[in-house]
Amino acid sequence: MTTNRPPSLPAAAAREVPPAGGGSAGARAPRGSARAKLIAAAHATVRKQGYAATTVDQICAAAGVTKGAFFHHFASKEELAIAAAEGWTERARPMFELAPHVKLEDPLDRLLGHIDFRLSMLDGPTEDYTCFVGTMVQEAYSTNDRIRAACEASINAYCEALAPDIAAAMKVYGVPDDVTAIGLAQHVQSVLQGAFVLAKTTNDPAIARGTVTHLKRYVRMLFGAGCAP
């Protein structure tokens, strides 16, 4: 991982959270796990090349399962996409349960620790850290309402998981009257999604790390905690 990671977060910490999408594409599926491997393969291939460019045959090859197994579990690529959006939400859950910062007593420290944690993940090939649902909804939002809604639910779940720490920090530190916990959580999500887009334009995570560092400065200033990164 990059040396640009905040020094307070050990390099191993990010590895404690399973990468969304799970495992390496193409790894042989254990017996009885074809559905899970297809979802993981969808995460990997869509993040790398987009939803429209990804075929059922490519997903099956990446998952190491037959096309017959695919249609045993999913009626179509669309059905897999919806299941994969739900699976993405589950893959993100450890960020709110297992990462070291969740044990901190101060809610603002937990929020800033979460941002540091996301910052630490911005390394390596773009498809390894960008968002599956964010990638997919950019293509499908106006052409497939079921996929759009599944992506919306996944993004909303992230915001709802982040909002309690924000609300607790608001009670301790105070913020302007027009700031809401869910609104700030949505802003964090928006900055992350925008950072992923910027990283795709340069094929380099450095620009994304800079954007998320600005997010941390903003949050610190919002809660009156200074502007040091």
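Side-chain N or O atoms of Gln189 include none that pairs as donor or acceptor with a backbone N or O of Tyr158 at under 3.5 Å. Side-chain atoms of Ser154 never come within 3.5 Å of backbone atoms of Cys151 as a donor-acceptor pair (strictly under, hydrogens ignored). One N or O on the side chain of Arg47 and one on the backbone of Asp128 form a donor-acceptor pair closer than 3.5 Å. A donor-acceptor pair under 3.5 Å links the side-chain atoms of Arg209 to the main chain of Leu122, judged by distance alone. Distance alone, capped at 3.5 Å, is enough to place a donor-acceptor pair between the Arg110 side chain and the Glu105 backbone. A donor-acceptor pair is defined here as one N or O able to donate and one able to accept, closer than 3.5 Å; no such pair exists between the side chain of Ser33 and the backbone of Ala36.
Expressed to the nearest 0.5 Å, how far CD1 of Ile39 lies from CZ of Arg91 amounts to 9.0 Å. One finds the CG atom of Leu119 at 4.5 Å from the OG1 atom of Thr213 (value rounded to the nearest 0.5 Å). Taking CG of Leu38 as the reference point, atom CG of Leu80 lies at 6.5 Å (rounded to 0.5 Å). In this structure, CG on Leu198 lies 11.5 Å from CD on Gln193, to the nearest 0.5 angstrom. Rounding to the nearest 0.5 angstrom, the gap separating the OH atom in Tyr129 from the OG atom in Ser120 is 13.0 Å. How far CD of Glu127 is from CG of Asn203: 8.0 Å, rounded to the nearest 0.5 Å.
The environment of NZ in Lys48 is sparse: at most 12 heavy-atom neighbours from other residues, nucleotides or ligands sit within 6.0 Å. Within a 6.0 Å sphere centred on OH of Tyr141, heavy atoms belonging to other residues, nucleotides or ligands number 12 at most.
Looking only at side-chain heavy atoms (C-beta outward), Glu97 and Val102 stay at 4.5 Å or farther from each other. The closest side-chain heavy-atom distance from Thr135 to Lys200 is below 4.5 Å. The closest side-chain heavy-atom distance from Ile147 to Tyr51 is below 4.5 Å. When side chains are defined from C-beta on, Leu111 counts as touching Phe223, because their heavy atoms get closer than 4.5 Å.
Between Phe96 and His114, the ring planes lie parallel to each other; the angle is under 30°, not in the 30° to 60° tilted range. Classification of the Phe132-Trp88 ring pair by plane angle, with boundaries at 30° and 60°, yields tilted.
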